[in-house]
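In this chain, numbering begins with 1 at the start of the sequence shown. Atoms within each ligand, like the ligands themselves, are counted from 1 in listed order. Owing to the predicted nature of the structure, the values given are computational and were not obtained by experimental measurement.
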Amino acid sequence: MGKAGGTAKKAETEHTVTLTDNATGKSVDLPVHAATEGPSVIDIRTLYKETGMFTYDPGFTSTGSCESALTFIDGDEGVLLHRGYSIEELAEQSDFMEVSYLLVFGDLPNKEEKAKFVHDITYHSMVHEQMLNFFRGFRRDAHPMAIMVGVVGALSSFYHDSTDINDERQRMIASYRMIAKMPTIAAMAYKYSVGQPFIYPSNELDYAGNFLRMTFAVPAEDYEVNPILARAMDRILILHADHEQNASTSTVRLAGSSGANPFACIAAGIASLWGPAHGGANEAVLNMLEEIGHKDNIPEYLKRAKDKDDPFRLMGFGHRVYKNYDPRAAVLRESAHEVLEELGVKDTPLLELAMELEKIALEDAYFVEKKLFPNVDFYSGIILQAMGFPKSMFTVLFAVARTVGWISQWKEMIEDPVLKIGRPRQLYTGPERRKYVPLDKR
Ligand code: SDX
């Protein structure tokens, strides 16, 4: 197993803030903890005990749910760091296995550590042969994300020797199994949906190349991995690996806080990622671009996106944290041109439409004022479609990449001495206590 490392600094009290209830004049001092980078936090753990009141923050727009050393995002500046390294440098100079090691263990590996990690992941990439039976139970037109939720959750019925979360070795084996098996299961979900035979992993190929081969090879002919596409795939995986406490990561943490096994927690994360407001947006962007169809229709759709009474949103735009250009979108926009050129495809009409839509939206007062910029999902689908993936596989790929982030966040939580089961409270506005009325009196 790789070395445990990382330079997590425990939160220290920097100063206090005083909260005064103007109705009673009662005050309470709350500690403020400093961050390595970014906003400090007000520690409200004693608030209920001291005031008898809860905080109220639907959607957690101003709430820090945990302390973490994995990923830092500065939404105003469009900065994304993994263990201190910028996403731009990692996308340009690193590879997905190295970034996975960095997220799991906290530091970039040296040559021996990297070779051992890649070997260990490679040799966990097959799934138990009996798992193939699961696929037969799905309708053949099942959405691959439905298959992913089901099959990944079922991993816990095969790997009992790595479900004891209190055993460090079992946590590591489960982590390696998840990272290693997700591409295999994802490719199987695709093969099942197109009625082709499953292709087993090859230990001769790297992570991204192996995934492309398991997805697109057929037994009837040899398959040669295109190194440019494999590099593009690897970069897409890096860009989607982790992203602080987003909805699906928070789902994994909340599920894990009850002591649920890691496979079940990752299945919960996949379920949350599927939503079109989150990881499902990459598929929704392609549907939107196909619906818009031509740049002459852009003004009508922008009008709809601004209309409060119209549920239409400009998919791939906006972000809870980024109020600037998502740095991942910028890398993907460059990658889109590279992949299309490699495929000998001039900029596809969809890419041209996407770039025209981006240009017009970024000049539109509504989008400027609300700081709505393209996010990671805006360009990813265009690249994936050009590589041959159907839209239904886009969020599956997001899940394959994000598994290392989910697993690393889960591991950090389990190893946090402050681990408590997540149990938020509420603002109750339901009926006051009332007497039961027997049926014959209603
Ligand atoms: C991902 O959290 C993460 O880090 C997620 C992610 C990750 O890596 O894990 O980055 C991956 O999920 C990226 C986001 C993909 N989703 C989409 O592209 C779907 C379209 N975007 C929106 O649904 C929205 O922008 C969200 C969900 C992404 C963010 O929503 P918020 O933070 O709750 O913001 P909001 O909905 O309150 O929007 C603020 C305002 C609102 O107007 P007002 O009510 O203030 O008048 O901006 C408007 C919104 O109506 N708005 C949009 C819009 N996004 C926000 N208007 C039109 N089109 C949009 N896309």
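Checking atom 30 (O) of ligand 1 against the protein gives no heavy-atom contact under 4.0 Å. Less than 4.0 angstrom separates atom 35 (P) of ligand 1 from none of the non-hydrogen atoms of the protein. Per-atom contact check: atom 26 (C) of ligand 1 does not touch the protein, criterion being a heavy-atom distance below 4.0 Å. Protein heavy atoms are found less than 4.0 angstrom from atom 58 (N) of ligand 1. Checking atom 52 (C) of ligand 1 against the protein gives a heavy-atom contact under 4.0 Å. For atom 10 (O) of ligand 1, the protein comes within 4.0 Å by at least one heavy atom. Less than 4.0 angstrom separates atom 38 (O) of ligand 1 from none of the non-hydrogen atoms of the protein. Distances from atom 41 (C) of ligand 1 to the protein include no heavy-atom value under 4.0 Å.
At least one heavy atom of Arg328 lies less than 4.0 angstrom from ligand 1. Contact annotation: Ala277 has at least one heavy atom less than 4.0 Å from an atom of ligand 1. In this structure, Leu372 has a heavy atom closer than 4.0 Å to ligand 1. Taking a 4.0 Å cut-off on heavy atoms, Glu244 fails to register as neighbouring ligand 1. Contact between Tyr322 and ligand 1 is absent, with no heavy atom of the residue lying under 4.0 Å from the ligand. For Lys306, the heavy-atom gap to ligand 1 stays at 4.0 angstrom or more.
Atoms of ligand 1 found under 4.0 Å from any heavy atom of Ala281 (numbered from 1 in listed order, with element): 15 (C), 16 (N), 17 (C), 18 (O). Applying the 4.0 Å criterion to heavy atoms of Gly316 picks out, from ligand 1, the atoms 17 (C), 18 (O). Taking a cut-off of under 4.0 Å to the non-hydrogen atoms of Asp377, the atoms of ligand 1 that pass are 1 (C), 13 (C), 14 (C), 15 (C). Atoms of ligand 1 found under 4.0 Å from any heavy atom of Asn246, numbered from 1 in the order shown, are 2 (O), 3 (C), 4 (O), 5 (C), 9 (O). Atoms of ligand 1 found under 4.0 Å from any heavy atom of Ala305 (numbered from 1 in listed order, with element): 56 (N), 57 (C).
Looking at atom 4 (O) of ligand 1, its nearest protein heavy atom turns out to be His243 ND1, 2.6 Å. Scanning the protein for heavy atoms near atom 28 (C) of ligand 1, the closest one is Gly318 O, 3.7 Å. Looking only at heavy atoms of the protein, atom 44 (O) of ligand 1 is closest to Lys308 CE, 4.0 Å. Regarding atom 12 (O) of ligand 1, its nearest protein heavy-atom neighbour is His278 ND1, 2.9 Å. Looking only at protein heavy atoms, the nearest one to atom 48 (C) of ligand 1 is Tyr366 OH, 3.6 Å. For atom 22 (C) of ligand 1, the closest heavy atom belonging to the protein is Phe317 O, 4.0 Å. Among protein heavy atoms, the minimum distance from atom 14 (C) of ligand 1 is reached at Asn375 ND2, 3.6 Å.
By heavy-atom distance, the residue among His319, Glu369, Met315, Arg320 lying nearest atom 5 (C) of ligand 1 is His319. With Arg313, Arg304, Arg402, Lys370 as candidates, the residue nearest to atom 45 (O) of ligand 1 on a non-hydrogen basis is Lys370.
Tested against Phe117, the residues Phe96, Tyr207, Tyr176 include a single ring pair (Phe, Tyr, Trp, His ring centres under 6.0 Å) partner, Tyr176. When Met288, Arg313, Met315 are each tested for a side-chain contact (heavy atoms from CB on, under 4.5 Å) with Pro276, only one passes: Met315.
The closest side-chain heavy-atom distance from Leu427 to Phe54 is not below 4.5 Å. Contact of the Cys66 side chain with the Met413 side chain is not registered, since no non-hydrogen atoms from C-beta on lie closer than 4.5 Å.
In this structure, OH in Tyr192 is found 8.5 Å from CZ in Phe138, a value given to the nearest 0.5 Å. Rounded to the nearest 0.5 angstrom, Tyr85 OH and Ser94 OG are separated by 10.0 Å. Atoms CD1 and CE, from Ile44 and Met53 in turn, are 12.0 Å apart once rounded to the nearest 0.5 Å. In this structure, CG on Asn282 lies 9.5 Å from CG on Asn375, to the nearest 0.5 angstrom.
In terms of polar-atom proximity, Leu314 is counted as a contact of ligand 1, with an N or O under 3.5 Å from an N or O of the ligand.
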Can Asp120 and Lys116 be said to form a salt bridge (Lys or Arg N to Asp or Glu O under 4.0 Å), step by step? CA-CA 6 Å; Asp120 292 347; Lys116 172 102 177 53; 2.6 Å; yes

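The aromatic ring centroids of Phe263 and Phe158 lie 6.0 Å or more from each other. Residues Phe389 and Phe394 place their aromatic rings such that the two centres sit no closer than 6.0 Å. Ring centroids of Phe373 and Phe378 are separated by 6.0 Å or more, keeping the two rings apart.
Ring geometry for Tyr322 versus His243: interplanar angle of 30 to 60°, hence tilted.
At a threshold of 4.0 Å, the pair Asp416-Arg253 does not count as salt-bridged, since none of the basic side-chain nitrogens sits closer than that to a carboxylate oxygen. In summary, Arg169 and Asp167 do not engage in a salt bridge, as defined by a charged side-chain N under 4.0 Å from a carboxylate O. A salt bridge does not link Arg231 to Glu338: none of the charged side-chain nitrogens sits closer than 4.0 Å to a carboxylate oxygen.
Residues Ser162 and Arg177 bring a donor and an acceptor atom of their side chains to less than 3.5 Å of each other.
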